[in-house]
Number of protein chains: 2
Amino acid sequence: MNKYPHSTRILVALDCIVFGFDGEDLKLLLVKRNFEPEQGKWSLMGGFLEQNEDLEVATNRILYDLTGLKDIYFEEIKTFGKVDRDPVERTLSICFFALINIHAHNQDSAKAQNAYWIDLKNRPNLIFDHNKMVDLALQELQYKAALHPIGFELLPEKFTIPQLQKLYEAIYDSPLDRRNFSRKILSTNLLIDTGEKNQNSTTKKAILYQLDKEKYQSQFKAFHYFISDSMR
Amino acid sequence: MNKYPHSTRILVALDCIVFGFDGEDLKLLLVKRNFEPEQGKWSLMGGFLEQNEDLEVATNRILYDLTGLKDIYFEEIKTFGKVDRDPVERTLSICFFALINIHAHNQDSAKAQNAYWIDLKNRPNLIFDHNKMVDLALQELQYKAALHPIGFELLPEKFTIPQLQKLYEAIYDSPLDRRNFSRKILSTNLLIDTGEKNQNSTTKKAILYQLDKEKYQSQFKAFHYFISDSMR
DNA sequence: GCAAAAGTGTTGCTATTACACCCATGC
DNA sequence: GCATGGGTGTAATAGCAACACTTTTGC
């Protein structure tokens, strides 16, 4: 240990932007801090990287503590490294976003962390540089979701095309044509008709689909153009 | 300083994949290590993040030391954080790639670092997890260059469309149709005809273009589809 | 004049848009 | 039966792939 001379060791945090979707709006899982510094203010969920912990392990640990979920989809965004970004001590923040099915996560885990789902559009001011992190995370989500089928991570196992459309409309904050959207999604062949229909509807019941996980895996890196350039 | 209790400070390195293009092949600027550990072996250029140094500043410092260039295009890829990735001491590596005009950089700077341009296709085995870093960097370059006009960063100020095509063919290691490529590039309106022609040619002299930097900036985030999905 | 490289043109196809119409459900 | 939301259809257009031909240059 500590054999490289003359170089400083630095505190390394992980900060996580957790996105969820309640059927209408995009939500963020935010923490009302009951600890110093900035007690009482809102922040992202985070934690410190431990000496004997792989980075991926730490990420999964933080997400599990917050949501009670394992195998969450997450993606590293950027490392924030201004010297003075944390007033207490110089701290790097490795920042990533995660997508979860808002109904699958464990409410108790969230409560234990003093975390709440907040509407993305009405989000409060966050501590430190966390506002910038959220802005960047939303940009990355919009970027990735236009090309790759990551949106499904935010939905329950079975979902309808109109639900999927509402999700995309929330992500891009703009309306999409119902008919063209449906055709585009179905043409990817990523969806399997379950034969069931959404019973929670007062009008025509929409078909419930589920993701073809094999195709999802194999086609993940292909470009799908879910959203045209002009919409983004 | 050091006010957060109970958390370990960690050594943070930056490792840089520098891409260049000599007109025929993609090149990597690699360092033949004249220091321990792994002296005599090949590695990426890197350095440590200092206590009072912003992350971006450190990145620019390392790139400047290596190439003698400022304002280099670079992009963060990922932070490598396996506990045992460096045998000497646990070290995080914030990994990024940079694109430079191979003829503009300062040979003396590179020599001072014991760095050489190596053909990407014939690259030697690298130390630690640096092979993985290069693989990932190439993937990211391919991904980004298919959608955004970053390829120009690898070319001199004035260049011809056939040169640009050779660059894209090197990046994707696959041939492109001359006529369709030309049309696609010109349709972006990113190129300005300088009126000059490439004199280093024994046959028909190609038109020298330069980048319209204003359009480059403003359209950078738009999708351009330089390369079709099937080619990637 | 000929070989080699660069510039421009055409055509058929595919994908995307911007629309309209019909069906199922609950009241 | 009617309002609401969901599923399917179509015609015009734009963009793309796969081609051939012509021009410039050095020898």
Side-chain angles (χ1 to χ4, degrees), chain A residues 23-24 146-147 149 155-156 158-170 172 174-210 219 222-232, chain B residues 23-24 146-147 149 155-156 158-170 172 174-210 219 222-232:
Chain A
E24 289 295 328
L147 296 167
L155 292 174
K158 295 175 183 176
F159 54 86
T160 69
I161 289 184
Q163 282 169 0
L164 187 63
Q165 185 179 337
K166 280 197 172 172
L167 168 61
Y168 276 89
E169 290 178 331
Y172 297 98
S174 52
L176 299 170
D177 184 272
R178 202 163 50 84
R179 297 152 287 196
N180 294 334
F181 181 80
S182 168
R183 196 159 348 107
K184 189 172 269 184
I185 294 293
L186 289 174
S187 74
T188 64
N189 284 322
L190 287 169
L191 300 194
I192 301 169
D193 187 335
T194 62
E196 299 168 63
K197 299 204 168 182
N198 180 18
Q199 295 304 325
N200 320 334
S201 168
T202 168
T203 63
K204 184 167 182 178
K205 286 150 174 51
I207 298 168
L208 282 163
Y209 290 92
Q210 61 184 49
Q219 295 183 22
F223 289 163
H224 277 288
Y225 309 133
F226 291 108
I227 302 293
S228 77
D229 200 11
S230 59
M231 277 284 107
R232 290 174 53 248
Chain B
E24 288 296 328
L147 296 168
L155 293 174
K158 295 175 183 177
F159 53 87
T160 69
I161 290 185
Q163 280 169 1
L164 186 62
Q165 183 179 342
K166 278 197 174 174
L167 169 60
Y168 276 89
E169 290 178 330
Y172 298 98
S174 52
L176 297 171
D177 184 90
R178 201 165 49 83
R179 299 152 286 194
N180 294 334
F181 182 80
S182 169
R183 195 155 354 101
K184 188 172 270 184
I185 294 293
L186 289 174
S187 73
T188 63
N189 284 322
L190 286 168
L191 299 194
I192 301 170
D193 187 336
T194 63
E196 299 169 64
K197 300 204 166 183
N198 180 18
Q199 296 304 325
N200 319 333
S201 170
T202 168
T203 63
K204 184 168 181 177
K205 286 153 176 45
I207 298 167
L208 281 164
Y209 290 92
Q210 62 185 48
Q219 295 182 23
F223 288 164
H224 278 288
Y225 310 134
F226 290 109
I227 302 293
S228 76
D229 199 12
S230 60
M231 275 287 108
R232 288 174 55 247

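Chain A is the first sequence line, chain B the second, and so forth, proteins listed ahead of strands; every chain is numbered from 1.
- Rounded to a whole Å, the CD atom of A:E196 is 19 Å from the P atom of C:dA24.
- Looking at residues two or more places apart in sequence or on another chain, you find no side-chain contact (heavy atoms from CB on, under 4.5 Å) involving B:K184.
- Within the nucleic acid shown, A:S228 comes within 4.0 Å of sugar-phosphate atoms alone, with no base atom in reach, counting heavy atoms only.
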Give the C-alpha distance, both sets of side-chain angles, the deciding distance and a yes or no for side chain to side chain contact (heavy atoms under 4.5 Å, CB included) between B:F181 and B:L164. CA-CA 9 Å; B:F181 182 80; B:L164 186 62; 3.9 Å; yes
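- When the C1' atom of C:dT16 is taken as reference, atom CD1 of A:I227 falls 14 Å away, rounded to whole Å.
- Put simply, NZ on A:K184 is 19 Å from C1' on D:dG7, counting in whole angstrom units.
- The one candidate from B:I161, B:D193, B:T194 that meets the side chain to side chain contact (heavy atoms under 4.5 Å, CB included) condition with B:L208 is B:T194.
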Test log, rule side chain to side chain contact (heavy atoms under 4.5 Å, CB included), inputs A:K197 and A:K204: CA-CA 9 Å; A:K197 299 204 168 182; A:K204 184 167 182 178; 5.6 Å; no
Contact state string [nucleotides 1-13 of chain C, B base, S sugar-phosphate only, - no protein heavy atom under 4.0 Å]: ---BBBBBBB---
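- With rounding to whole Å, A:I185 atom CD1 is found 15 Å from D:dT8 atom P.
- Here the side chains of A:Q163 and A:N198 are in contact, with some heavy-atom distance below 4.5 Å.
- Between A:F226 atom CZ and C:dA15 atom P the separation is 15 Å, expressed in whole Å.
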Begin from the C-alpha positions of B:F226 and B:T188 and carry the test side chain to side chain contact (heavy atoms under 4.5 Å, CB included) through to its verdict. CA-CA 9 Å; B:F226 290 109; B:T188 63; 3.9 Å; yes
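- Between the axis at the start and the axis at the end of the helix from C:dG1-D:dC27 to C:dC27-D:dG1 there is an angle of 10°, using five pairs per end and rounding to 10 degrees.
- Whole-Å rounding puts the A:N200 CG to D:dT4 C1' distance at 16 Å.
- Between A:F223 atom CZ and C:dA15 atom C1' the separation is 17 Å, expressed in whole Å.
- The side chain to side chain contact (heavy atoms under 4.5 Å, CB included) test with B:Y209 is passed by exactly one of B:L186, B:L155, B:T160: B:L186.
- For an aromatic pair to be called close, the ring centres must be under 6.0 Å apart, and B:Y225 with A:F223 fails this.
- No side-chain heavy atom of A:I227 sits less than 4.5 Å from a side-chain heavy atom of A:L147.
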